[in-house]
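Labels below follow one simple rule: chain letters A, B, ... track the order of the sequence lines, proteins then strands, and each chain is numbered from 1.
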Number of protein chains: 2
Amino acid sequence: MSGDAGPLVRKLESIVELAPEEREGLRTLPLTIRDLRPQQDIVHEGDRPTQSCLVLEGFALRYKLVGGHRRQILAFHIPGEIPDLQSLHLKTMDHSLATLTAARIGFIQHRALHDLMARHPRLTGVFWRETLIDAAIFREWMVGLGRRRAPARIAHFFCEMFVRLDAIGLAKDRVIRLPVTQEELGDALGLSAVHTNRSLQELRSQNLFTFEGGRLVINDWEGLKRAADFDPLYLHQGSGGDAP
Amino acid sequence: MSGDAGPLVRKLESIVELAPEEREGLRTLPLTIRDLRPQQDIVHEGDRPTQSCLVLEGFALRYKLVGGHRRQILAFHIPGEIPDLQSLHLKTMDHSLATLTAARIGFIQHRALHDLMARHPRLTGVFWRETLIDAAIFREWMVGLGRRRAPARIAHFFCEMFVRLDAIGLAKDRVIRLPVTQEELGDALGLSAVHTNRSLQELRSQNLFTFEGGRLVINDWEGLKRAADFDPLYLHQGSGGDAP
DNA sequence: TCGCGGACATAACATAGGTTATTTCGGGGT
DNA sequence: ACCCCGAAATAACCTATGTTATGTCCGCGA
């Protein structure tokens, strides 16, 4: 089954301009599409994949297990992103990739990506840059994990997801879909589920946002940014990517 | 002033084989060399550099400040590495780069790197890969910061530095130079200096290593790996990069 | 309609880790 | 030989966060 890489083009164009033939090359990338269920593993630590995954709809996440049961979520991925683009140059997966929600995923053979970049050398830089932004987000998360207290970590995460989803047109007014349980939130932010809940209560009392039923509504963007100590520079979205 | 990029070649060849003309291209990269003192800033968050830095001798580190005084160290860099290679595609620095020790640094214009990669397309993949390994290390640190307790975090850091330095021939028998104060260690691992000291004591009582005067001596590699829950896969050093 | 399970909430308690302060040690300069 | 100063060590105390346990709410399937 083959399909349309539209979300990828939209994502890349949210940062750089593409030439028509580059856009065409991206759109006609040979994709194998699969609809996956929530919480389903896609690639596992230790695998040696020959293809990369493009998120077309829904959310994906990357994680690593430690000591068998403790989980650290490393990243959340939104439509248009290629979570394991790195496997293009790192043969063995050092972490796992899974769906968060039900999701439509497009699989692209590495060969197809290499061919595309050979035909359009400028796209090499564009993809490389995507992996560098990925790394920039890791760095910011490191700062949170190492040096921010729980409430600020949560607030920061909310800011980040809002800006990223807004950039690809998935924020409606001040609302985003953010179907993350408190346990998943804790696994991403290095917190226990209980403490995640506590910190969420604390934040709630400040009326900065509403977070329920997998929806995040921003009530006070400036206040939330302040609580989070959030500066969107690290997302490298040209404009400054601020908004609501 | 111009100089020799030998350490870069050695570093890259610790992972991939290079063709003679690629090696030659790397070695003749136009370098401006400067000798810097310890703890000296090289590039600062917000800068828009037109060059990248190659560590020739000594150690460098990347860090981010939060709330003005709290510091999170993001990475340590050893000879042959290019800590801010990412600035090739991300125009604005989202963190700062500084020396840890006295260091000899080679500055390379982005233009020179782009030219080199245009002449030797395979080198693009090699450099890209370096930035991907960088990101893999960030991920592993995230796991430590989020899910490992202080002693394991320290042990893990020691394992990592040993393996990395060993790969470029800077481990002598079971000894590496690791000129990091306890405060710097804490800033890297998300700990206070006091707790870093406490955890170090705890580890010391297990006789896994000796760490003093900026030297780390491994007494029990298997035991240290166990305490750290260390698996070198994430360093992507082909062989497995294990040793002592 | 009932009953079940997942997500959320809350309470009581345990502990890893942070803070502040003081002391010791050791090397480099005068 | 003496002084200084940065790094390390240690102690007392505080707090953020983890753990275990239990209860509530609500949507969904039988």
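Here C:dA7 is the nucleotide among C:dA7, D:dA8, D:dT17 with the atom lying nearest to any side-chain atom of A:Thr181. Nearest to the side-chain atoms of B:Asn197 among the listed nucleotides D:dA9, C:dG17, C:dA9 stands D:dA9. Considering only side-chain atoms of A:Arg70, the nucleotide from C:dA9, C:dG17, D:dT19 that sits closest is D:dT19. Residue B:Gln182 has its side chain nearest to D:dA8 when only C:dG18, D:dA8, D:dT17 are considered.
Per the geometry, CD belonging to A:Glu212 stands 15 Å off P belonging to D:dC25, to the nearest Å. With rounding to whole Å, B:Ile154 atom CD1 is found 12 Å from C:dG17 atom C1'. B:Leu185 places its CG atom 13 Å from the C1' atom of D:dA8, with the value rounded to the nearest Å. Here D:dG6 presents its P atom at 14 Å from CD of B:Glu184, a figure rounded to the nearest Å. With rounding to whole Å, B:Glu202 atom CD is found 10 Å from C:dA16 atom C1'. For the pair B:Gln72 CD and C:dG18 C1', the computed distance is 15 Å after rounding to whole Å. Atoms CD (A:Glu183) and P (D:dT19) sit 12 Å apart, rounded to a whole Å. Atom-to-atom, CG of A:Leu203 to P of C:dA9 comes out at 13 Å; the value is rounded to the nearest Å.
Comparing the start and finish of the helix from C:dT1-D:dA30 to C:dT30-D:dA1, five pairs each, the helix axis swings through 30°, to the nearest 10 degrees.
Residues B:Gly58 and B:Thr101 share a closest heavy-atom pair of CA-OG1, 3.5 Å. When all heavy atoms of A:Asp84 and A:Ser52 are compared, the closest pair comes out as O-OG, 3.1 Å. Across all non-hydrogen atoms, the minimal contact from A:Gln72 to A:Leu145 is NE2-CD1, 4.1 Å. Considering every non-hydrogen atom in both B:Pro49 and B:Val43, the closest pair reads CG-CG1, 4.2 Å. The heavy-atom pair separating A:Ala171 from A:Ile176 by the smallest distance is CB-CG2, 3.7 Å. Contact detail for A:Ala98 and A:Asp41: the closest heavy-atom pair is CB-OD1, 3.6 Å.
Classified by interplanar angle (parallel below 30°, tilted 30° to 60°, perpendicular above 60°), the ring pair A:Trp141/A:Phe76 is tilted. Classified by interplanar angle (parallel below 30°, tilted 30° to 60°, perpendicular above 60°), the ring pair B:Trp221/B:Phe162 is tilted.
No contact: A:Leu200 has no heavy atom under 4.0 Å from any strand. Using a 4.0 Å heavy-atom criterion, one finds that A:Gln201 contacts the sugar-phosphate atoms exclusively. At the heavy-atom level, B:Gly190 lies under 4.0 Å from the strands shown only through sugar-phosphate atoms.
The residue among B:Val180 and B:Arg198 whose nearest nucleotide of DNA chain D is located toward the 5' end is B:Val180.
Using a 4.5 Å cut-off on side-chain heavy atoms (C-beta onward), A:Glu81 and A:Lys11 make contact.
When ring centroids are compared, B:His95 and B:Phe138 stay outside the 6.0 Å threshold.
If you check the side chains of B:His156 and B:Arg153, you find no donor sitting under 3.5 Å from an acceptor.
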Polar atom pairs (N or O), protein with nucleotides 21-23 of chain D, under 3.5 Å:
none

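Applying a 4.0 Å cut-off to non-hydrogen atoms, the residues of residues 145-152 of chain B that approach DNA chain C are B:Arg149, B:Ala150, listed by residue number.
Side-chain N or O atoms of A:Thr92 include none that pairs as donor or acceptor with a backbone N or O of A:Gly46 at under 3.5 Å.
Taking only side-chain nitrogens and oxygens, A:Arg204 comes nearer than 4.0 Å to OP1 or OP2 of C:dA9.
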